[in-house]
Amino acid sequence: MSDDSKPENRYDFRAIETKWRQRWVETDLFRVDDTGDKPKYYALDMFPYPSGAGISVGHCRNYVPLDVACRLKVMQGFNVLHPMGWDAFGQPAENEAIKRGRNPKEMVPEYAANYKRQLELVGISYDWSREVNSSLPDYYKWTQWLFLLLYKRGLAYRGSAAVNWDPVDKTVLSNEEVVGGRGWRSGALVEKRFIPQWFFKITDYADRLLAGLDTVQWGEGIKQQQREWIGRSEGADVEFEIIGGGTNGSANAPELMESIHVFTTRPDTLWGATFMVLAPEHPLVEQITTPEQRAEVAEYKDKTQRATEIERQSTERVKTGVFTGAYADNPVTGEPIPIWIADYVLMGYGTGAIMAVPAHDQRDFEFAKKYGIPIVLVYKTSEDQTADSVTEALPTGGVMASFQPSAGAKAGSDFPFAGLPNNKETVGKVIAWLEGLGQEDGNKVGKGVVNYRLRDWLVSRQRYWGAPIPIIHCENCGVVPVPEDQLPVLLPDVAQYAPTGTGESPLAGIPEWVNVACPTCGGAGRRETDTMGGTVCSSWYYLRFTDPHNADAPFSEAAAKYWAPVDLYAGGAEHAVSHLLYSRFFTKVLHDAGIVDFEEPFQRLRNQGMLLAYTPGREIKPTDGTVLDGDEEETDEPLDNWKVLKPEEKLTIPESQWVWRWVKMSKSKGNVITPDEMAEKYGADSLRLFGLFVAPFEETVQWSDKGIESAFKFMSRVWRIWTELRPHYAPNWRETLPAALPELSDTERGLRRKLHQTIRKVGGDIEDFRFNTAVAALMELTNELSAYRNALGGNTPTPAQVSLLSESLETLPLLMSPITPHLSDEWWELLGKPGSTFKQPWPQFDPEAAAEDAITIVVQVNGKMRDRLEVPVGTSQEEIERLALACEKVVADLAGGRQVRKVISVPGRLVNIVVS
RNA sequence: GCCCGGGUGGUGGAAUGGUAUACACGAAGGUCUUAAAAACCUUUGCCGCAAGGAUUGCGGGUUCGAAUCCCGCCCCGGGCACCA
């Protein structure tokens with residue numbers, strides 16, 4: 001049937017794709033403007049860090065599907081913003097530059113150019129005139145401007161925060177560079193050091209960040225992760241006075257006495273609080289520890305600080321702690337209760353101190369049992385239940401016991417809670433009661449508060465490759481923001497990019513950059529030498545794309561108003577909390593500053609699945625060091641007892657000993673397949689089609705060469721079929737088709753029906769991100785066209801058949817255009833049409849043509865399929881039921897006196913006969 | 001332990017209350033060819049010669065009808081983890 005000897009019958013994807021790639025660039029096809037009467041649509045990929053390795057076919061799993069969605073939107077008449085840029089600041093680029101001994105300012109643009117080349121290679125429709133690079137001054141000027149905006153709004157502040165200090169390399173490490181408590185290069189145990197650093201006050205927005213989640217179309221899983229990260233919990237802040245303890249060697253001990261605030265979600269169990277626990281790092285520990293306990297406390301503190309990481313990973317956590325010698329006053333019972341320190345209380349959550357209620361909290365229970373601390377039941381499940389009889393904490397159930405306040409108690413003498421159930425309502429009543437106590441001296445015992453797990457956002461990095469923080473420290477004026485007209489604070493060149501041995505950024509080593517006059521008083525000032533972490537740059541980039549070359553503002557309000565917010569955002573689920581939360585925070589700040597008119601940056605979010613490659617590795621023993629060798633591109637934990645083979649190991653270890661596993665495709669694992677080699681071998685269109693067809697967008701995919709071969713096979717096949725039918729194309733088919741319709745055979749009407757059903761399905765599936773079924777629909781249509789071509793044989797088609805074929809020949813390139821744009825444009829040209837399918841309207845779906853003229857009705861007996869009926873559309877329900885009951889198989893089932901009890905009809909689908 | 005996904009033929013997957021296995025891979029047979037490849041055609045989830053039967057991780061439930069909804073359990077992947 002086919003004849004590949006004719007050159008035009010061969011699918012010469014190299015010639016086709018090279019030609020159209022060039023032509024799209026020459027005609028500036030993907031350029032968009034902020035004007036016109038079309039509705040806008042903003043679709044965005046998470047912008048990548050351009051690594052030296054270039055993109056892998058894994059990246060195509062992200063960029064190609066969004067490109068398909070964009071191309072469809074353009075054809076549907078939207079003005080589509082589809083930009084791309086580079087998340088160029090940050091550690092990966094810095095580490096790469098250090099490793100290669102290169103200047104990141106030169107290296108990053110080279111890598112970016114390579115990325116751009118590869119993205120053009122696979123035919124992504126980016127408007128490159130809007131390319132941004134977060135490491136260029138024209139971009140980071142505005143990152144700095146936004147820092148100052150937050151500073152002015154009281155949302156940027158300097159606080160003390162711990163960094164990971166590598167005592168051997170004498171550098172600050174990021175969390176990613178700490179593996180198993182050790183520095184990734186030196187292998188030395190990492191220490192905590194506290195230094196002043198800059199924070200953004202994201203916690204002020206905790207409730208709004210929570211509420212906003214209900215207004216966006218994101219996956220429930222991602223929303224849930226953000227909710228948990230924010231970690232809102234309602235409870236009470238309760239104050240405990242310290243009534244004895246260490247004098248700290250000072251004579252005026254009473255003045256040192258303070259109170260301890262705790263956060264508790266269970267203030268209703270206050271009567272059962274028989275001790276308190278402070279985190280070992282709690283600042284009050286020094287003050288309250290008695291001289292006798294000092295040595296023991298110091299030892300415990302030291303032990304927790306050094307051994308935390310190791311112990312956490314080793315044994316099951318046994319509760320340990322040390323008594324400080326101090327006591328606090330339980331405000332409702334008046335009893336003195338001992339104050340302990342223990343590492344199960346975390347400094348970073350709540351107030352770093354808890355009231356411990358062993359009767360109703362399992363951790364407190366274990367601790368009390370171990371150290372012989374009394375247990376008092378607040379809730380009892382039976383009248384005569386005693387603390388000695390319980391073997392574990394009772395967090396739920398029971399009713400409240402009766403408590404008589406002792407003489408020393410602050411609380412009022414009445415106790416209105418006896419008999420109340422253990423539930424949220426009771427907690428509320430107790431909080432209200434606590435708030436009413438001690439109001440005379442203005443000192444409430446407790447008050448209802450909301451606590452969040454969310455911490456303020458640490459933006460300082462003691463690193464070179466980032467946007468300098470636009471702050472000057474003046475001896476006289478303190479912290480002074482750099483005036484806006486002096487922005488950007490340019491990142492200077494340095495001799496050495498690696499972190500310094502002092503823990504400061506390399507910028508601190510350039511006196512001529514650091515020393516400046518104070519903008520306020522003119523006195524001696526020092527520039528802030530910390531830079532901003534990469535997540536700051538990426539928290540607003542989506543807005544820069546709306547107006548990427550604006551020299552007077554981060555973006556014009558008009559451009560942002562026209563384009564933003566982003567209608568469709570696509571990227572990896574690994575950003576579920578960090579980037580996606582920070583961008584939302586920035587957007588709310590900009591909203592409050594009156595700069596943007598919306599509060600949520602990303603209306604619809606889709607997360608693509610990972611791409612796995614079958615990768616050789618070797619078994620490792622648990623003792624076989626897990627210290628990484630530093631050239632890891634990503635920092636995935638090594639899989640339990642297995643490690644990827646290094647290139648040299650592939651030579652030394654015989655293949656029979658290789659252990660294969662599916663792991664994420666990445667440069668560090670040596671399993672990357674690049675789009676370059678695939679495009680060379682099969683073409684970009686085949687690569688696009690394969691990535692879409694192989695699995696649903698969100699699903700993890702196992703890469704196989706077989707898969708792309710099958711995509712290529714389809715491309716060759718559809719090319720051949722279309723090419724063989726093309727001689728029958730008549731451009732005037734729209735005029736001739738109406739008259740031709742009555743002449744068509746059933747088969748031919750069936751082909752036309754399939755065509756219009758496919759128009760409907762492909763459009764709908766792409767909008768729903770169901771690319772795999774859209775491709776399947778195109779394959780089905782191709783199969784029908786193929787069958788029709790075979791049926792036609794060498795016969796000359798009638799004029800009616802020409803009209804029919806012409807409609808298909810012209811529609812197919814348009815239907816395939818979003819998915820295989822190069823092929824589609826080549827076909828378009830072969831039909832004698834100018835321009836690109838990209839600028840053509842999406843085909844109109846004709847409901848009449850798509851309608852079936854016969855339907856299959858399934859006949860069931862008691863829900864079991866018995867027969868099928870082919871009936872013409874429009875057959876009455878009564879007629880269908882009569883036919884169903886007359887079916888041979890139904891009649892057989894009804895034999896033996898079984899009675900028809902009910903007949904259920906679903907129009908157009910089935911008849912279910914319920915028999916006794 | 002908690003949270004979020006998921007479990008359907010030999011394989012990737014389709015079907016989200018109404019014909020389970022679309023589409024594709026793989027496999028088998030055929031046509032063409034000196035031959036091979038490619039292409040094209042046919043068959044192909046399981047048991048059974050067949051009629052027919054069982055079947056969507058396991059067990060129960062709701063329903064005329066469940067892969068789909070509900071309850072309990074098992075397994076796999078991902079995330080968080082002493083959160084007071």
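A note on names: the letters A, B, ... follow the listed sequences, proteins ahead of strands, and every chain is numbered from 1. These figures come from a predicted structure and were not determined experimentally.
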J.: Return whichever of A:T773 or A:A787 has its heavy-atom-nearest nucleotide of RNA chain B closer to the 5' end.
T.: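 Of the two residues, A:T773 wins.
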J.: Using atom C1' of each nucleotide, how far apart are B:C70 and B:U63 to the nearest Å?
T.: 12 Å
J.: Please classify the nucleic acid contact of A:N772 as base, sugar-phosphate, or nothing, using heavy-atom distances under 4.0 Å.
T.: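 Sugar-phosphate, backbone atoms only, no base.
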J.: If the cut-off is 4.0 Å, is A:R717 near the phosphate of B:A38, judged by side-chain N/O to OP1 or OP2?
T.: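 No, A:R717 has no side-chain N/O under 4.0 Å of OP1/OP2 on B:A38.
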J.: Within this structure, what is the NZ-to-P distance between A:K706 and B:A27, rounded to whole angstrom?
T.: 7 Å
J.: Mind listing the closest non-hydrogen atom pair of A:I260 and A:A353 along with its distance?
T.: CG2-CB, 3.7 Å
J.: Closest heavy-atom contact between A:W229 and A:L581?
T.: CD1-CD2, 3.5 Å
J.: Counting side-chain heavy atoms from CB outward, which of B:C64, B:A24, B:A14 is closest to A:F693?
T.: B:A24
J.: When you measure from the side chain of A:N772 to the backbone of A:L692, do you find a donor-acceptor pair of N or O atoms at a distance under 3.5 Å?
T.: no
J.: Regarding A:F714, tell me which of base, sugar-phosphate or nothing describes its non-hydrogen contacts under 4.0 Å with the strands shown.
T.: nothing
J.: Considering just the side-chain nitrogens and oxygens of A:N607, establish if one lies under 4.0 Å of OP1 or OP2 belonging to B:G78.
T.: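 No, outside the criterion.
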J.: Could you check whether A:V694 gets within reach of a base, just the sugar-phosphate, or nothing at all, counting any heavy atom under 4.0 Å?
T.: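 Since only primed, P, OP1 and OP2 atoms lie under 4.0 Å of A:V694, the category is sugar-phosphate.
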J.: Do A:Y344 and A:F367 make the cut of ring centroids closer than 6.0 angstrom?
T.: yes
J.: Using the purine O4'-C1'-N9-C4 or pyrimidine O4'-C1'-N1-C2 torsion, is B:G9 syn (within 90° of 0) or anti?
T.: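 Syn for B:G9; the angle stays within 90° of 0.
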J.: Taking only the side-chain nitrogens and oxygens of A:R10, find out if one of them lies under 4.0 Å from OP1 or OP2 of B:A38.
T.: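 No.
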J.: Closest to the A:L910 side chain: B:C23, B:G18, B:C82?
T.: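 Closest nucleotide to the A:L910 side chain: B:G18.
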J.: Provide, to the nearest angstrom, the distance between the CZ atom belonging to A:F712 and the C1' atom belonging to B:A38.
T.: 11 Å
J.: Output yes when A:R868 and A:E870 qualify as a salt bridge under the 4.0 Å nitrogen-oxygen rule, no when they do not.
T.: no
J.: Which nucleotide in the list B:U19, B:C64, B:A24 gets nearest to the side chain of A:S710?
T.: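 Output: B:A24.
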J.: Between B:G12 and B:G17, how far apart are the C1' atoms? Round to whole Å, please.
T.: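 Nearest-Å result for B:G17 against B:G12 at atom C1': 27 Å.
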J.: Under 6.0 Å between the ring centres of A:F690 and A:Y682?
T.: no
J.: Both A:M355 and A:Q224 contact RNA chain B. Which one's nearest nucleotide lies toward the 5' end?
T.: A:Q224
J.: Roughly, in whole Å, what's the span from CD in A:E699 to P in B:C23?
T.: 21 Å
J.: Which nucleotide in the set B:C83, B:A54, B:C41 lies at the smallest distance from any side-chain heavy atom of A:K864?
T.: B:A54
J.: From C-beta outward on A:E780, which listed nucleotide comes closest to its side chain: B:C40, B:A22, B:A84?
T.: B:A22
J.: Please report, rounded to the nearest Å, how far the C1' atom of B:G1 is from the CD atom of A:E366.
T.: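 Answer to the nearest Å: 13 Å.
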J.: OP1 or OP2 of B:C25 less than 4.0 angstrom from a side-chain nitrogen or oxygen of A:K713, does that happen here?
T.: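 So the side chain of A:K713 is within the cut-off, an N or O lying under 4.0 Å from OP1 or OP2 of B:C25.
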J.: Rounded to whole Å, how long is the line connecting atom CZ of A:R868 with atom C1' of B:A20?
T.: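 For the pair A:R868 CZ and B:A20 C1', the rounded distance is 11 Å.
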J.: Considering only the C1' atoms, how many Å lie between B:A84 and B:A14, rounded to the nearest integer?
T.: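 Comparing C1' positions in B:A84 and B:A14 gives a spacing of 49 Å.
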J.: NA contact type, A:V858, heavy-atom cut-off 4.0 Å: base, sugar-phosphate, or nothing?
T.: base
J.: A:V345 near the nucleic acid: base, sugar-phosphate alone, or nothing, with a heavy-atom cut-off under 4.0 Å?
T.: base
J.: If I pick the P atom on B:A66 and the same atom on B:A54, what distance separates them, to the nearest angstrom?
T.: 13 Å
J.: List the steps, then state whether salt bridge (charged side-chain N to carboxylate O under 4.0 Å, His left out) holds for A:R753 with A:E852.
T.: CA-CA 7 Å; A:R753 183 184 308 127; A:E852 302 280 353; 3.5 Å; yes
J.: Please name the nucleotide paired to B:C40 by Watson-Crick or G-U wobble geometry with both distances under 3.5 Å, or report none.
T.: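 Base-paired to B:G30.
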J.: Quick one: label A:R909 by what it contacts on the DNA or RNA (base, sugar-phosphate, nothing), any heavy atom closer than 4.0 Å.
T.: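 The residue A:R909 makes sugar-phosphate contact but no base contact.
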J.: From CZ of A:F771 over to C1' of B:A14, roughly how many Å is that when rounded to an integer?
T.: 17 Å
J.: Does any nucleotide pair with B:A84 by Watson-Crick or G-U wobble geometry, both distances under 3.5 Å, and what is it?
T.: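 Its partner is none (no Watson-Crick or G-U wobble pair with both distances under 3.5 Å).
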J.: Which nucleotide in the set B:C23, B:C64, B:C40 lies at the smallest distance from any side-chain heavy atom of A:N790?
T.: B:C40
J.: In Watson-Crick or G-U wobble terms, both distances under 3.5 Å, what is the partner of B:C2?
T.: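 B:C2 is paired, partner B:G79.
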J.: What distance, rounded to whole Å, do you find between the two C1' atoms, one in B:G10 and one in B:A28?
T.: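 About 13 Å, rounded to a whole number of Å.
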J.: Would you classify A:R770 as touching base, sugar-phosphate or nothing, given that sugar-phosphate means primed atoms plus P, OP1 and OP2, and contacts are heavy atoms under 4.0 Å?
T.: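 Sugar-phosphate only.
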J.: So if I take every side-chain heavy atom of A:A695 and compare against B:A24, B:G13, B:C82, which nucleotide ends up nearest?
T.: B:G13
J.: Looking at every strand, decide which applies to A:N783 at a 4.0 Å heavy-atom threshold: base, sugar-phosphate, or nothing.
T.: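 Sugar-phosphate contact only - A:N783 comes under 4.0 Å of backbone atoms but never of a base.
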J.: Can you figure out which of B:C82, B:C40, B:C64 approaches the side chain of A:D343 most closely?
T.: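 The answer is B:C82, which lies nearest to the side chain.
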J.: Tell me: CG of A:L611 to P of B:G12, nearest whole Å?
T.: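 Going from CG in A:L611 over to P in B:G12 covers 15 Å.
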J.: When rounded to the nearest Å, what value does the distance between P atoms of B:A27 and B:C76 take?
T.: 31 Å
J.: Identify which one of A:D268, A:T264, A:T269 satisfies the side chain to side chain donor-acceptor pair (under 3.5 Å) criterion when paired with A:R266.
T.: A:D268
J.: At under 4.0 Å between heavy atoms, what does A:Q860 touch on the DNA or RNA strands: base, sugar-phosphate, or nothing?
T.: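 Base contact - A:Q860 has a heavy atom under 4.0 Å of at least one base atom.
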J.: Give none if B:C23 has no partner; otherwise give the nucleotide forming a Watson-Crick or G-U wobble pair with it, both distances under 3.5 Å.
T.: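 Result: B:G12.
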J.: In whole angstrom, give me the gap between the C1' atoms of B:A67 and B:G6.
T.: 13 Å
J.: Can you tell me the distance, in whole Å, between the OH atom of A:Y349 and the P atom of B:C83?
T.: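 For the pair A:Y349 OH and B:C83 P, the rounded distance is 9 Å.
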J.: If you look at every heavy atom in A:A368 and A:I375, which pair is closest and at what distance?
T.: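 That closest heavy-atom pairing would be CB-CG1, 4.2 Å.
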J.: Identify the nucleotide, in any strand shown, that forms a Watson-Crick or G-U wobble pair with B:U63, with both distances under 3.5 Å; if there is none, say none.
T.: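 The answer is none; no pair meets the criterion.
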J.: Between B:A51 and B:C41, how far is it from one P atom to the other, in whole Å?
T.: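 Their P atoms lie roughly 28 Å apart.
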J.: Can a side chain N or O of A:N912 be found less than 4.0 Å away from OP1 or OP2 on B:G18?
T.: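 Answer no for this pair, as no side-chain N or O of A:N912 is under 4.0 Å from OP1 or OP2.
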